[in-house]
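Read the numbers this way: they start at 1 and go in the same order the structure lists the ligands and their atoms.
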Amino acid sequence: MPDQECTEQGSTLITGIGELVTNDGDRGGFAAMTDAALVIAEGKVAWAGPASRAPAADAVVDAAGRAVLPGFADSHAHLVFAGERSAEFAARMAGRPYRAGGILVTVEATRAASDAVLRANLRRLAAEMLRQGTTTFECKSGYGLTVPDEARGLALAAEVTAEVTYLGAHVVPPEFAADPAGYVDLVCGPMLDACAPSARWVDVFCEDGAFGADEAAAILAAGRAAGLGARVHANQLGPGPGARVAAEAGAASADHCTFLTDADVDALVSAQVVATLLPGAEFGTRQPFPDARRLLNAGATVALATDCNPGSSFTSSMPFCVALAVREMGMTTEEAVWAATAGGARALRRTDIGHLGAGARGDLILLDAPSHAYLAYRPGVPQVAAVWQAGRLVAGTGSLAARA
Ligand SMILES: [Zn+2]
């Protein structure tokens, strides 16, 4: 593919952009310009501005009036697993009880799987994400729940992303059912020691039936002492202490946030914890969606992520999450696209992604549509025409590029 080689070696001008979403305005939120152009060089955005003032470059892509967005930053995904749970989903949708369901089914399948099976599954999902415009994704462990299985999951995740999260505290595994405190000690001790070298983050599922406030705080403190940043699965299934624990731990993000009190919202806002909303989970479990409007009105920073996992949310599609957020959660199209790009970057404490200002990483999407609004306006329709990651065309058609 000569066009692709050309774009890899020199600078690329993308011009004729109908709408360029930069998220690079003075006020810090969604920002876009029309009739725009953008230059990528050496893996980064070198210039963005009006098409009429665009500098020359080694190669030119004519966007033909279509929209260009920052690549999506999916800050919450569980991709290291084996097996699938479609029968559990179908039973849930049919209103039938399904006894053999749940996280532990995936734990059993994951423990039994070879490295090769787990790696192939992970790479297939990562490729699926990239084709849909996700240029950065976070990946958690949490289906191993033994020292070697958690360490293996994180080492595999580190092969495909820098945003690796240790989630030994996903659930208490059956062999510790009679001794949950012993499992917390393992998570905070030998398991953490084995996992911290591969991880950037520590996460805990703080919920009834998983880990309580004191256990979650201890796990986050141990992770932070090992140099990991904190994130929390909070307030997904009902009211609880998760959001408060996240705020007190200085977590980057509290994820789910479906059942929040006013005090929870205040705590997230004042501690500057990103509220990461995962509408795929509510879709997949037929639960009420989180109230994004309430969080935004309170001044919270909101991110959107897929929660991609084989149980509650087996979608890898950020466009689907944007559509749900607009239709079901009170977000404008601008807010939802910001949350899926810059919001995800904030949830990962990254300043190099989620926007297309000069100096940003060259992570961008060419939509087969004239504006970002089409992501929600045409739900379920594949509209990602091309994807660049660190300045390289990595998905979509190279025939878009023409020699200057
Ligand atoms: Zn999750």
Side-chain angles (χ1 to χ4, degrees), residues 73-81 84-85 88-89 101-107 110 121-122 125-126 129 134 136-145 150 153-154 157 161 163-173 187 199-211 216 219-220 223 228-238 240 242-243 245-246 251-260 273-285 287 289-290 302-318 320-321 324-325 339-340 343-344 347-348:
D74 184 350
S75 62
H76 187 134
H78 306 249
L79 307 180
V80 186
F81 65 86
E84 58 90 34
R85 283 153 55 193
E88 177 187 330
F89 173 79
I103 292 169
L104 293 174
V105 172
T106 300
V107 170
T110 304
N121 195 33
L122 175 58
L125 290 168
M129 286 176 150
T134 298
T136 300
F137 64 90
E138 183 259 22
C139 182
K140 303 176 194 297
S141 64
Y143 294 119
L145 311 184
E150 285 296 297
L154 291 171
T161 183
E163 303 297 344
V164 174
T165 300
Y166 167 47
L167 182 59
H170 199 184
V171 289
V172 175
V187 168
R200 181 170 180 229
W201 302 99
V202 59
D203 192 349
V204 55
F205 190 16
C206 183
E207 199 86 36
D208 277 351
F211 298 89
I219 290 160
L220 297 176
L228 307 180
R231 3 188 21 87
V232 181
H233 280 68
N235 304 67
Q236 175 187 2
L237 303 174
V245 167
S253 178
D255 297 35
H256 285 290
C257 292
T258 310
F259 293 91
L260 298 178
V273 178
V274 175
T276 299
L277 309 183
L278 310 169
E282 279 77 31
F283 181 91
T285 57
Q287 294 292 307
F289 288 94
V302 172
L304 288 170
T306 62
D307 194 17
C308 184
N309 78 81
S312 56
S313 181
F314 201 13
T315 181
S316 57
S317 173
M318 290 294 279
F320 174 64
C321 294
L324 286 180
L348 295 170

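- The distance cut-off of 2.8 Å around the Zn ion (ligand 1) captures these protein N, O or S atoms, sorted by chain and number: H76 NE2, H78 NE2, H233 NE2, D307 OD1.
- When every heavy atom of A199 is checked against every heavy atom of L154, the shortest pair comes out as CB-CD1, 4.5 Å.
- Nearest heavy-atom pair across T258 and P290 is CA-CB, 3.9 Å.
- Each of H78, K140, R231 was evaluated against D203; a single residue qualifies, K140, per the side chain to side chain donor-acceptor pair (under 3.5 Å) test.
- The side chain to side chain donor-acceptor pair (under 3.5 Å) test with T306 singles out one residue from T315, T134, D74, and that residue is D74.
- Below 30°, between 30° and 60°, or above 60°: for H256 and H233 the angle between ring planes is between 30° and 60°, a tilted geometry.
- Contacts of Y166 classified as ring pair (Phe, Tyr, Trp, His ring centres under 6.0 Å), with partners at least two apart in sequence or in another chain: none.
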